[in-house]
Amino acid sequence: GQQVMQIPQYQHVQEGEDFTTYCNSSTTLSNIQWYKQRPGGHPVFLIQLVKSGEVKKQKRLTFQFGEAKKNSSLHITATQTTDVGTYFCAGMTTDSWGKFQFGAGTQVVVTP
Amino acid sequence: NAGVMQNPRHLVRRRGQEARLRCSPMKGHSHVYWYRQLPEEGLKFMVYLQKENIIDESGMPKERFSAEFPKEGPSILRIQQVVRGDSAAYFCASSPVTAGLGQPQHFGDGTRLSIL
């Protein structure tokens with residue numbers, strides 16, 4: 001079955017530095033969503049990518065969808081303490097409409 | 001506009017008892033998703049429902065687990081004869097149409113289920 005892998009599992013970042021988290025699917029995706037979950041909180045939707053090679057930006061966050069629609073990345077520049085949390089990607093395939101497979105997440109810790 | 005409401009926030013059950021988790025989607029949302037999350041892990045899809053219909057329950061164990069989303073009232077995730085391994089956070093999410101059609105999933109605060 002479909003598997004979504006995320007790396008790294010943990011990311012320790014100095015405040016002000018950049019980092020990237022990667023999401024890889026074993027199967028071609030129709031679209032991918034990214035969520036952020038703060039400690040003790042619930043996932044909050046960040047963005048959805050649909051097109052091959054798509055790039056979207058939200059302030060310091062840049063999201064990419066690979067050409068083959070099997071991988072995606074989230075790049076954060078000038079990390080701030082408010083970026084602390086776990087970032088999940090969630091992919092959907094055309095043969096499982098509405099069902100999203102979540103990655104295990106990248107847990108981000110920011111050091112002031 | 002109230003968000004997705006889940007209750008209870010915390011639920012403690014003894015082995016063998018039944019657990020009922022409730023989820024009221026956002027107003028105007030007719031699609032509900034249930035996920036299970038263990039500490040330090042991602043969300044595992046359990047079931048996707050529309051009003052009065054189960055669309056995909058491929059992530060739900062065949063035994064002891066059931067879900068419904070009646071025409072009126074909240075969606076219910078029911079776990080019968082609970083075991084220690086059922087301890088987890090259960091999140092519900094809703095969307096106005098199928099989430100894949102560009103709609104985000106709006107999550108509730110979850111129910112933390114603890115089995116003694």
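Keep in mind that what you see is a predicted model, and the values were worked out from it rather than measured. To find a chain, count down the sequence lines: A is the first, B the second, and so on, and within it residues start at 1.
- For chain B, no part of A:Gln6 is nearby; none of its heavy atoms comes within less than 4.5 Å.
- With values rounded to the nearest 0.5 angstrom, A:Asn71 atom CG is found 13.5 Å from A:Met5 atom CE.
- Taking the charged nitrogens against the carboxylate oxygens, B:Arg20 and B:Glu18 do have a contact shorter than 4.0 Å, which makes a salt bridge.
- Within residues 61-92 of chain B, the residues having any heavy atom under 4.5 Å from a heavy atom of chain A are, by residue number, B:Phe91.
- Proximity to chain A involves both the backbone and the side chain of B:Asp109, based on heavy atoms less than 4.5 angstrom apart.
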*When you look at A:Tyr35 and B:Phe107, which way does the ring pair (Phe, Tyr, Trp, His ring centres under 6.0 Å) test go after all the steps?*
CA-CA 10 Å; A:Tyr35 291 81; B:Phe107 282 82; 5.6 Å; yes
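- For the atom pair OG1 of A:Thr62 and CG of A:Leu74, the computed distance is 8.0 Å after rounding to the nearest 0.5 Å.
- For the residue pair B:Gln105 / B:Tyr35, a side-chain donor-acceptor distance below 3.5 Å is found, with atom types taken as modelled.
- A:Tyr10 touches chain B through its side chain: at least one heavy atom from C-beta onward sits under 4.5 Å away, while N, CA, C and O do not.
- Taking the side chain as every heavy atom from C-beta outward, A:Val4 and A:Cys89 approach each other to under 4.5 Å.
- Between atom CG of residue A:Asn24 and atom CD1 of residue A:Ile7 there is a gap of 6.0 Å, rounded to the nearest 0.5 Å.
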